[in-house]
Trainee: 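Next up is a structure, given as C-alpha cells.
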Amino acid sequence: MADYSKEEIKRIEEKWRTIWKERDVYKVQNNSPKPKYYVLDMFPYPSGAGLHVGHPLGYIASDIVSRYKRLKGFNVLHPMGFDAFGLPAEQYAIDHGIHPAVSTAQNIENFKDQLSKIGFSYDWSREVQTCDPSYYKWTQWIFLQIFDSWYNRRKEKAERIADLIALFEKEGNTNHPFPNVKFLVPGTKKETFSGDDWKSFDEHTRQEILMQYRLAYLAYTDVNWCEALGTVLANDEVINGVSYRGGFPVVKKQMRQWSLRITEYAERLLKGLDEIDFSDSMKEIQRNWIGKSVGAKVTFEIQSEGGQSSKLVVFTTRPDTIFGVDFMVLAPEHELVRSITSTEQKEDIEKYLRYVESRSEIDRMAEVKKITGAATGAFAINPFNGRKVPVWISEYVLAGYGTGAIMGVPCGDERDHKFAKHFNLPVTNIIGEYYNGSEANPTKEATLQNSDFLNGMVMHDAIDVVISKLEEKGIGKRQVNYKMRDAGWSRQRYWGEPFPVVYRGDIPYAMDEKELPLVLPESNNFRSSGSGEGPLANLKEWVFFKDGERRDTNTMPTHAGAAWYFLRYMDPHNDKAFAEKKALDYWGQVDVYVGGSEHAVAHLLYSRLWVKILHDLGYLNFDEPFRKLINQGKITGDSRFVYRVRGTNKFVSAGLKDGYDTDPLHVDVNIVTGLELDTQAFKNWKPDFATAEFILEDGKYICGASIEKMSKSYFNVVNPDVIIENYGADTLRMYEMFLGPLELSKPWNTHGIDGVYKFLRKFWHLIHDHQGNIHVSDDEPSREELKVLHKTIKKIEYDIEHFSFNTSVSEFMICCNELSSIKCNKRSIIEPLVIALSPFAPHVAEELWEKLGHGESILSATFPAYDEAYLKEDSFEYPISINGKVRAKMNFALDMPKEDIEKLVLASDAVAKWTEGKTPKKVIVVPGRIVNLVM
RNA sequence: GCGGAUGUGGCGUAAUUGGUAGCCGUGCCAGACUUAGGAUCUGGUGCCGAAAGGCGUGGGGGUUCGAGUCCCUUCAUCCGCACCA
C-alpha cells in the first residue's frame, strides 16, 4: 500500500504540517543553556503576484541551515516577517480603490499560505509586519533616538544632543565645526561661535544650529518631481531621467526634507566591511558606493577683472600633478562664477549657463562625452610657481562632489585632456615620455619633470611631499572625500511610517515617547497634493491638529522598517522597548543572513548604519548586524515563444519561421514540454487561439526559447504550488538545492526533478518491503556499511557548513545508491541518515522516523557524528604516472615508507614496460595520492 | 571606461583545494520485465580512433615532476558603478 506515491506524499506532508503546528514545535525561547545561532532571511515585500519558484530558494537554504544547527545542539532563532509598507500597495490602492492595509493583509495571508506548504521551520510567534503600529512605534522611536544624536568626530561615535548642548555652553563649536562646511551661524558670516555666543542665541537660532549636527536632520534637498503625474518619485522610479510609469519627464525640485547623516559614518561603514563575511563583489559594491578618495584641498588665488582677490578651493586626488595645471574648471553652479567673470566673457558665460539650465537629466546622461564649457576671463595663480592659468566653467565638473571645482591637468587626466584639446588650451607635460601628445596618461609611475621641487621624484611618492608642503604653507590640507550622500529619508507617500515630530514654526520637535506610535491616519486619498507634498497633506485636521502645531506630511521610506527588523524578532511583543536588553545581548549578531544581492547598497547600508548608531547610544553590544551574508542567485525564467504569421491566426514552428513574416509571442511554459508545444492546450489557453492553425515540422510544433526574468507577463512563471502538487515539498526543496550552487543565478528547469524524486522514493524503499511495510534489520552493520554511513555524514556536514547544498544532495544520492546495491536495511545505518536528511526533506524524514519507532519528533534528535576510524583505508591504489601520464596502478599500505613504495614500483613489470629498463631521473611519492616517475 | 564575478560533456554540475578531470542528476543508446506506459530495473555514454593510443576544463603563454585549480595575457558572458577630479 504505502508506496512513496503522490497520494502518500500528500498525506505525509499534510500530516506533519498539522502536527508541527499543533505542537508548536518551532517556538524558540530567549534563554537556553545551548549556544545561540541566528539564521535570518531577508523578509519579503508581500507583493500581489505571490511566490514563484525563485523566491523560496534562499528560504530553503536558510531552513536547512537552521534545522541542521538545531540538530547540532544550537538554540536557533529562525524568524520570518513582512516588509509591508511600500509603494506597490499604494499604487494598487490608487488604481483599484483598495486600501493598502487591506491588500497588504491579503497578500501576507497568501504568502504565508504558500510558505507553509514548503515546510519551513519558522517561529511564527515572532512574526513582524513593518506596517503594524506596535512595530512602527519602535521604528519611530529609533528615528527619534537618531534625531536626538550627533556624530562626535573626535570620539568617532554618536552622542546625545544634550551632550552637544553642554559642549556648546562650555566652549561653543570651535572643537566641533559644522559638519556641513557651507553653514554659517545665523545672522553672522562666521562658522564658529563661543560658549557665550551660544548662551546669547535665541531658541530658534539654537535649534537651527543643532539641526546642522543631528544625525536625522531637515534640509532642503532635491526630489524627483514629475509634473505629468503630479507626484514625487523615488530614485528607482526614475529611469534615465523619465518616470518609470509613463515615461514622463522628471525634474529636480527643492523641498525641505528629512535626511540621515550617513556620511558621518562613511569611514566606519567602510572599515566594518573588513570584519564581516560578505562576498567580495558585495563588499566592492558597498565600497564603491561609499566612494572614498584621499587627496588634498588646494587653495588658488583668483585674479579677476575688478581686481578684488578671491580664493578658489579645489579637491584633487593627485596633488603631485600640481605643476601640470594648465587651467581651472568650475561647476556651472559654483558660487564664484558670476563674481569673477570679466565683462568681455559675461555674454559667453550667461549663454553657457542658460544652456546648462536647459539641459535635462536625460540630455546630460545621454551626452556624457560631449565637451562644452566657457571661459570666465579670470585667472588662477598656481600657489607654488605663481603661474597664471585661465578659469573655465563646464558641466563635466559636478557641483555636488568635492568643492565643485577642479584643477585641470591635461597630460594626466583624460577629461581634462579632451577639454584642453577642444578649447585649444596648452598642455604642460610633466611626465616626459609617459605622455604621447595625443592621450592623457593617468599613471602614478612616471618620474616628474617641469615640476620645480618635485623634479626627479616618482609620482606616487610625490603626493605626500606636496601635501606636507601645502599644509606647511597654509594653502591646503589633506582631505578625504566620499561619493556617498546623506540618505534622503522623506517620502511624499501615504503607506509608510509618519514622522514622530511636531513643528512649532519651522522647527520640528520630537514627540513624547509616551505618545508613540504616531498612528498613520485613516485616509482614502492616496494622491499627493498638488504642491509636491505627500498624501497626508490632504488631511488638514490631522496635520494641523492643534493651534500653532503641525505634523510632518511625509512618511519614511521602506528602508526604515527594514533597517532594524532583525532586532525586533529577538523580542517581538515587547511594548516597553524595541527589544529587551537581555534578548539583544543573548541573540546578538545575525550569524547567517540570506538574501538577494539587489539589496547590496540601500538596505544593507541602512541596517548597518542603524545598528552602529544604536550601538553608539548604548543599546547594542555589537556594531555590525550581520556576521555573514549569503546571496542566493536569482532563478530566472526559461521563456517559450510561438511565432504568429503576421495578420493571421497561423503559427509556424521555430525551425520554419524564416520563411514567413512573424511576430514572436510568449507562450505559457506550462503547456510546453521541452520545446514542443502542446497544440491542443494552446488552443484552450486563450479564446483568441481557439482557432489557431499550426505549421509543423516533423509533425511537431517547436517553440523558441529565451532566458528572462520570471514574470507573469512573460508566462514563464513556475509556481511552487504546482511542483508541490506533483512531487511534494521535500522534492521541491531538494531539487531547488540540487539545481546548482546557491549563489549562482540559473534558469529554472523542471527537467531533472525526477532524479531527486527518484532518490527520495529509493531512500523510502531502503526500509520498506514490497507490501509497503517497514522492514529494518537490527543486525550489526558491516564495516562496508559503516564506511558508507560515516563517509556520507562527514561530507554532508562539510557541505552544509560551507553552504554547498547542491553537493550534499548529490552525496545523499550516492549514499542511497550504494546502500541499495548492497541491500542494506540496517537500523543503525538508516537512522542516522534519516536524521541527516531531515533538514533537506523534513516531512519524509519525520514519517520515516516515526515508522522506525520513535515517539519523539526528529527535531529533538541529534545530528550524527562521524568517526574517522571508519573512513581510514589501510591501503591505497596508487596511480603510477610516468612523465605525467598514468600508466599503471599499484596497491600499497598507506603507512608504507616512501622508499619502499619507490623500490616496489621500480621493480614492477608493469612499470618496467614503460620505463624500458631505464632509471628515472626523479621519483615523487605523495602518500595517499600518486607516484610520479620522471624519465 | 572603472570595479566584481563566471567560463569544464548535448544540458544542470562535481573535483579531497596543486595529485587518475567529468562524481551526481538529466538527456541519449542498448538490454530486461511488461496488461506498450511519460512506469520500473540493469548496463553504456567527453571527443577522435577498429584497436593500441592520442586529444581534451574559452584562446595563447608561463611556473611545476604534475595545473580545471597558481601567475601573465587575451576573448566571451553576466552583474554593479558610471563625467566622483
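So that the names make sense, note that chain A is the first sequence line, chain B the second, and so on, each numbered from 1.
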Trainee: What interatomic distance, in whole Å, is found between P of B/rU20 and the corresponding atom of B/rC29?
Mentor: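 Here B/rC29 and B/rU20 have their P atoms 33 Å from each other.
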Trainee: Report the distance from atom CD1 of A/Ile882 to atom C1' of B/rG53, rounded to the nearest whole Å.
Mentor: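 To the nearest whole Å, that distance equals 15 Å.
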Trainee: Is A/Lys292 salt-bridged to A/Glu267, going by a charged N under 4.0 Å from an acidic O?
Mentor: yes
Trainee: Contact class for A/Val886 vs. all strands (heavy atom < 4.0 Å): base, sugar-phosphate, or nothing?
Mentor: sugar-phosphate
Trainee: Would you classify A/Arg485 as touching base, sugar-phosphate or nothing, given that sugar-phosphate means primed atoms plus P, OP1 and OP2, and contacts are heavy atoms under 4.0 Å?
Mentor: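 The answer is nothing, as A/Arg485 stays clear of every strand by at least 4.0 Å.
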Trainee: I want to verify a distance call: between B/rU20, B/rC83, B/rA15, whose nearest atom is closest to the A/Thr807 side chain?
Mentor: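 So the side chain of A/Thr807 is nearest to B/rA15.
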Trainee: Whole angstroms only, please: what is the CD1-C1' distance between A/Ile322 and B/rA85?
Mentor: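 The answer, rounded to whole Å, is 13 Å.
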Trainee: Looking at A/Lys634, I'd like to know whether one of its side-chain N or O atoms comes within less than 4.0 Å of OP1 or OP2 on B/rC78.
Mentor: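 Negative; the distance criterion is not met.
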Trainee: Give the nucleotide from the list B/rA14, B/rG3, B/rA85 with an atom nearest to the side chain of A/Thr316.
Mentor: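 Closest of the options to the side chain of A/Thr316: B/rA85.
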Trainee: Consider the side chain of A/Leu398, meaning its heavy atoms from C-beta on, and name the nucleotide among B/rA85, B/rC55, B/rU26 that approaches it most closely.
Mentor: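 Out of B/rA85, B/rC55, B/rU26, the nucleotide with an atom closest to A/Leu398's side chain is B/rA85.
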Trainee: How many Å lie between CG on A/Asp754 and C1' on B/rU40, as a whole number?
Mentor: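 Distance check: A/Asp754 CG to B/rU40 C1' gives 13 Å.
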Trainee: Does A/Asn806 have a side-chain nitrogen or oxygen under 4.0 Å from the phosphate oxygens OP1 or OP2 of B/rG12?
Mentor: no
Trainee: Quickly work out the A/Arg287 CZ to B/rG80 P distance and round it to whole Å.
Mentor: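 Whole-Å distance recorded here is 19 Å.
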Trainee: Answer yes if the ring centres of A/Tyr727 and A/Tyr735 are under 6.0 angstrom apart, and no otherwise.
Mentor: no
Trainee: OP1 or OP2 of B/rA5 less than 4.0 angstrom from a side-chain nitrogen or oxygen of A/Ser279, does that happen here?
Mentor: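 A/Ser279 to B/rA5 OP1/OP2: no side-chain N or O under 4.0 Å.
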Trainee: Any base atoms under 4.0 Å from A/Ile924, or only sugar-phosphate, or nothing? Heavy atoms, all strands.
Mentor: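 The residue A/Ile924 makes base contact.
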Trainee: OG of A/Ser810 to CE of A/Met737: how many Å apart, nearest 0.5 Å?
Mentor: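 It is 13.0 Å, given to the nearest 0.5 Å.
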Trainee: Any chance the side chains of A/Ser293 and A/Asn481 put a donor and an acceptor closer than 3.5 Å?
Mentor: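 Result is no, nothing qualifies.
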Trainee: If you measure from the P atom in B/rG54 to the same atom in B/rU64, how many Å do you get, rounded?
Mentor: 24 Å
Trainee: Hey, which sits more toward the 5' end of RNA chain B by its nearest nucleotide, A/Tyr482 or A/Gly884?
Mentor: A/Gly884
Trainee: Would you call A/Asp326-A/Lys421 a salt bridge at under 4.0 Å N-O?
Mentor: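 Not counted as a salt bridge, because no side-chain N and carboxylate O are separated by less than 4.0 Å.
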Trainee: Contact class for A/Ile753 (heavy atom, under 4.0 Å): base, sugar-phosphate, or nothing?
Mentor: nothing
Trainee: Nearest-Å distance, NZ (A/Lys370) to P (B/rG1)?
Mentor: 22 Å
Trainee: If you take the centroid of each ring, where Trp contributes its six-membered ring, are A/Tyr396 and A/Phe419 closer together than 6.0 Å?
Mentor: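 Distance test on ring centres: under 6.0 Å, yes.
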Trainee: If you check every side-chain atom of A/Glu395, which of B/rC65, B/rA85, B/rC83 has the closest atom?
Mentor: B/rC83
Trainee: Starting at NZ of A/Lys898 and ending at P of B/rG19, how long is that distance when rounded to a whole Å?
Mentor: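 To the nearest whole Å, that distance equals 15 Å.
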Trainee: Out of B/rG25, B/rA85, B/rA14, which nucleotide sits closest to the side chain of A/Pro741?
Mentor: B/rA14
Trainee: Does A/Lys283 reach a base, just sugar-phosphate, or nothing at all? Heavy atoms under 4.0 Å.
Mentor: nothing
Trainee: I'd like the C1' distance from B/rG58 over to B/rA76, given in whole Å.
Mentor: 7 Å
Trainee: If the P atom of B/rG19 is compared with that of B/rU69, how far apart are they to the nearest Å?
Mentor: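 Going atom to atom, P in each nucleotide, I get 11 Å.
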Trainee: Taking atom P in both B/rG68 and B/rG62, what distance in whole Å separates the two?
Mentor: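 To the nearest whole Å, 15 Å.
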Trainee: Please pick, from B/rC24, B/rA85, B/rG4, the nucleotide with the shortest atom-to-atom distance to any side-chain atom of A/Glu284.
Mentor: B/rG4
Trainee: Ignoring the backbone of A/Ser281, work out which of B/rG4, B/rA85, B/rA14 is nearest its side chain.
Mentor: B/rG4
Trainee: Are A/Arg478 and A/Asp464 close enough for a salt bridge, meaning some N to O gap below 4.0 Å?
Mentor: yes
Trainee: Quick one: which of B/rC81, B/rC24, B/rG19 gets closest to the side chain of A/Ser810?
Mentor: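 My answer, after comparing the listed nucleotides, is B/rC24.
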Trainee: Is there a donor-acceptor pair under 3.5 Å between the side chain of A/Ser745 and the backbone N or O of A/Lys634?
Mentor: yes
Trainee: Pick the nucleotide of RNA chain B nearest each of A/Gly740 and A/Val934; which residue has the one closer to the 5' end?
Mentor: A/Gly740
Trainee: Using a 4.0 Å heavy-atom cut-off, does A/Asn883 contact any base of the nucleic acid, only the sugar-phosphate backbone, or nothing at all?
Mentor: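 Contact class for A/Asn883: none.
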Trainee: Whom does B/rG46 pair with, Watson-Crick or G-U wobble, provided both distances fall under 3.5 Å?
Mentor: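 Result: B/rC55.
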Trainee: With both distances under 3.5 angstrom, what nucleotide forms a Watson-Crick or G-U wobble pair with B/rC41?
Mentor: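 Pairing partner: B/rG31.
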Trainee: B/rU17: syn or anti, with syn meaning chi within 90° of zero?
Mentor: syn
Trainee: Write down the distance between NE2 (A/His334) and P (B/rC83), rounded to a whole number of angstrom.
Mentor: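 Distance check: A/His334 NE2 to B/rC83 P gives 19 Å.
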Trainee: Can you identify which nucleotide, out of B/rC81, B/rG80, B/rG19, has its nearest atom closest to the A/Ile285 side chain?
Mentor: B/rG80
Trainee: What is the nucleic acid contact for A/Asn817, judged by heavy atoms within less than 4.0 Å: base, sugar-phosphate only, or nothing?
Mentor: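 Contact class for A/Asn817: sugar-phosphate only.
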Trainee: OP1, OP2 of B/rU17 versus side-chain N and O of A/Arg929: anything below 4.0 Å?
Mentor: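 The answer is yes; a side-chain N or O of A/Arg929 sits under 4.0 Å from OP1 or OP2.
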Trainee: Please state the C1' separation for the pair B/rC11 and B/rA51 - nearest whole angstrom.
Mentor: 31 Å
Trainee: May I ask you to decide whether A/Glu899 forms a salt bridge with A/Lys903, counting only side-chain N to carboxylate O separations under 4.0 Å?
Mentor: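 Not counted as a salt bridge, because no side-chain N and carboxylate O are separated by less than 4.0 Å.
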Trainee: Work out how far the P atom of B/rG25 is from that of B/rU42, and round it to whole angstrom.
Mentor: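 One P to the other, the span is 11 Å.
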Trainee: With the side chain of A/Asn288 defined as its heavy atoms from C-beta on, choose the nearest nucleotide among B/rA85, B/rA5, B/rC81.
Mentor: B/rC81
Trainee: Classify the side chain of A/Asn932 versus the base of B/rC65 as yes if they form a donor-acceptor pair under 3.5 Å and no if they do not.
Mentor: yes
Trainee: Select base, sugar-phosphate, or nothing to describe what A/Lys921 touches, counting heavy atoms under 4.0 Å on all strands.
Mentor: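 Counting heavy atoms under 4.0 Å across all strands, no contact is made by A/Lys921.
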Trainee: Roughly how many Å apart are B/rU16 and B/rA85, using the P atom of each and rounding to a whole number?
Mentor: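 Taking atom P in both B/rA85 and B/rU16, they lie 41 Å apart.
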Trainee: Would one find a side-chain N or O of A/Lys746 under 4.0 angstrom from OP1 or OP2 of B/rG12?
Mentor: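 A/Lys746 to B/rG12 OP1/OP2: no side-chain N or O under 4.0 Å.
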Trainee: Whole angstroms only, please: what is the OH-C1' distance between A/Tyr727 and B/rU26?
Mentor: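 Spelled out: OH on A/Tyr727 to C1' on B/rU26 is 12 Å.
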